[in-house]
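Below is one structure, written out as structure tokens; the observations come after it.
In this chain, residues are counted from 1 in sequence order. All of these numbers come straight from a predicted model, not from anything done at the bench.
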Amino acid sequence: MNLASCIVLTIAVTACGAASTNTICPAGLPVAHVPSATSVPPTLTAPAAIVAPKSLPINQDAVAAATGAKPELADPVVKVTFPRTDVPVEVDGSKLAPFMGLTSWVAFTPGKPGVEAMVMGDLVLFEDEVNPVMSALLGAEVEVTALHNHFLYVKPAVFFMHINGEGTVANLGKGIKAAMDTILDIRKKSPKPSGKSGAPAIASKSTIDSTKLDALFGVKGQSKDGMYKATMGRAATAACGCAIGKVMGINTWAAFQGTDEASAVDGDFAVTESELQPVLKALRAGGIDIVAIHSHMTGESPRLLFLHYWGRGKSAELAAVLKKALDLTAWDGAIKST
């Protein structure tokens, strides 16, 4: 037998990146040279890990000064609460106490490196407070992430607005205080929540000019009994991997009734998470009320949120606001029919 029949073992010396070879042979055959321990370079010292600077604890006094509320500490979170004791609420015929879920809350926690704070919260709002409060928050760079109900059979109607944001305690707290001050101003003017916007009733017979709205939206809409509806789809993939689009409910739509001088519009926007805040700001800037913000699916790609809205005014002006918001989203573009 010769050396070619030997089994060669390679021993990796990972600390220094070198390797040595040891040859195992039958008795009587020469053995290949094995480097001695002294020939192995010394182990290198790994570089010290870079430790990101830790965020400083939230200052309770700063939260109190910014929000005007008494903070509670549950380290590292500083939380403020605003029980809705100003308006009696009944759910299914029984009075509901603030302890049972009618308390607005906002919590501050240290933010990522370089950011003083991150805030999350849930605001308890009545119908006439929802959109003024949303505008106050968006104007202070506090994001609105959901809007929905928590109860059935409730009088007066109650909505819950979920929020979050990043920045300084002073700026975030200023936004929260602006929202709370907006609520106070509304309730001072009208202690009892209003169930109407105050706009005049829409004409019972609709005469919406579909040709004008087709031109504004850049799509061919549907007309029925003087009403008008435009639907703008977008592409997505369901959790099953199936392609879904406009006909499967992945769309933004707008429906008008009344006259061109005094119309009402309602509809739905399909938006990604990154599109939500710009679209909300565009709609509120144009006087469109937001009615709900929530998801319709699970596991889809891209993740989509749906916001429902309501508006009153001249049909062309409403359509222009909606088209401006629509163009902030990745919809499919102009299509021949809806």
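In this structure a side-chain-to-backbone donor-acceptor pair under 3.5 Å is missing from S194 to D128. Between the side chain of S223 and the backbone N or O of Y228 there is no donor-acceptor pair closer than 3.5 Å. Proximity of a side-chain donor or acceptor of S190 to a complementary backbone N or O of P193 within less than 3.5 Å is not detected. S206 places no side-chain N or O within 3.5 Å of a backbone atom of I208 that could act as its donor or acceptor partner. In this structure, E273 contributes its side chain and R303 its backbone to no donor-acceptor pair below 3.5 Å. Without hydrogens or angle criteria, E300 side chain to L304 main chain gives a donor-acceptor distance under 3.5 Å. Here the side chain of R84 pairs no donor or acceptor atom with the backbone of V87 at under 3.5 angstrom.
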Checklist entry - Passes salt bridge (Lys or Arg N to Asp or Glu O under 4.0 Å), R234 versus E275? Steps please. => result CA-CA 13 Å; R234 66 184 302 166; E275 295 166 353; 2.9 Å; yes

Checklist entry - Step by step, would you call K189 with D185 a salt bridge (Lys or Arg N to Asp or Glu O under 4.0 Å)? => result CA-CA 6 Å; K189 294 175 183 177; D185 289 343; over 6 Å; no

Item to check | Candidate pair K220 and D214, rule salt bridge (Lys or Arg N to Asp or Glu O under 4.0 Å), full reasoning | outcome: CA-CA 5 Å; K220 177 64 178 176; D214 279 349; 3.6 Å; yes

Checklist entry - Going through the checks in order, is the side chain to side chain contact (heavy atoms under 4.5 Å, CB included) test met by L137 and I163? => result CA-CA 9 Å; L137 291 167; I163 63 172; 3.8 Å; yes

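The shortest heavy-atom contact between A325 and L283 is CB-CD2, 3.7 Å. In plain terms, the two heavy atoms of A282 and L328 that are nearest each other are CB-CD1, 3.9 Å.
Under the 4.5 Å side-chain criterion, counting only non-hydrogen atoms from C-beta, M232 is in contact with F217. For the pair K229 and F256, the minimum side-chain heavy-atom distance is 4.5 Å or more. The side-chain heavy atoms of D86 and R187, taken from C-beta on, include a pair separated by under 4.5 Å. With contacts defined as side-chain heavy-atom distances shorter than 4.5 Å, the pair N59/L56 does not qualify.
To the nearest 0.5 Å, atom OG of residue S197 and atom CZ of residue R312 are 5.5 Å apart. With values rounded to the nearest 0.5 angstrom, L147 atom CG is found 9.5 Å from L280 atom CG. Distance OG/S210 to CE/M227: 12.5 Å, rounded to 0.5 Å. Here NZ of K155 is found 10.5 Å from CG of D92. Values are rounded to the nearest 0.5 Å. For the atom pair E127 CD and I186 CD1, the distance stands at 12.5 Å (nearest 0.5 Å).
Under the 4.5 Å side-chain heavy-atom criterion for ILVMFWY residues, no single connected hydrophobic cluster contains both V130 and V89. No single ILVMFWY cluster, assembled from side-chain heavy atoms under 4.5 Å apart, contains both W253 and W331. No continuous path of ILVMFWY side-chain contacts below 4.5 Å connects V271 to F306, so the two sit in separate hydrophobic clusters.
Of the listed residues (D209, T207, T259, D260), just one forms a side-chain hydrogen bond (donor to acceptor under 3.5 Å, both in side chains) with S315, and that residue is D260. When V158, L102, L96 are each tested for a side chain to side chain contact (heavy atoms under 4.5 Å, CB included) with V91, only one passes: L96.
Every pair tested for ring-ring contact (aromatic ring centres under 6.0 Å, His included) that includes a residue from residues 76-125 fails, sequence neighbours excluded, so the list is empty. Judged as a disulfide (SG to SG under 2.5 Å), not a single pair has a partner in residues 179-212 (not counting sequence neighbours). Within the structure, disulfide (SG to SG under 2.5 Å) contacts touching residues 213-248 (residues at least two apart or in different chains) are C240-C242.
Comment: E90 does not engage K95 in a salt bridge, judged by the lack of any side-chain N to carboxylate O separation of less than 4.0 angstrom. Electrostatic pairing of E141 and K281 counts as a salt bridge here, judged by a charged N lying under 4.0 Å from a carboxylate O.
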Which pairs of donor and acceptor atoms, one on a side chain in residues 287-296, lie under 3.5 Å apart (sequence neighbours left out)?
| unit_1 | atom_1 | unit_2 | atom_2 | d |
| --- | --- | --- | --- | --- |
| D289 | OD1 | R284 | NH1 | 3.2 |
| H294 | NE2 | H296 | NE2 | 3.2 |
| H294 | NE2 | H308 | NE2 | 3.0 |
| H296 | NE2 | H308 | NE2 | 3.4 |

Under 3.5 Å donor-acceptor pairs involving side-chain atoms of residues 109-126, not counting sequence neighbours:
| unit_1 | atom_1 | unit_2 | atom_2 | d |
| --- | --- | --- | --- | --- |
| E116 | OE1 | V169 | N | 3.2 |

Which donor-acceptor pairs under 3.5 Å do the side chains of residues 61-77 make with protein atoms, sequence neighbours left out?
| unit_1 | atom_1 | unit_2 | atom_2 | d |
| --- | --- | --- | --- | --- |
| T67 | OG1 | V63 | O | 2.7 |
| T67 | OG1 | A69 | N | 3.2 |

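Remark: the N251 side chain and the T231 side chain contain no N/O donor-acceptor pair separated by less than 3.5 Å.
The six-membered or imidazole ring of F269 lies near that of Y309, with a centre-to-centre distance under 6.0 Å.
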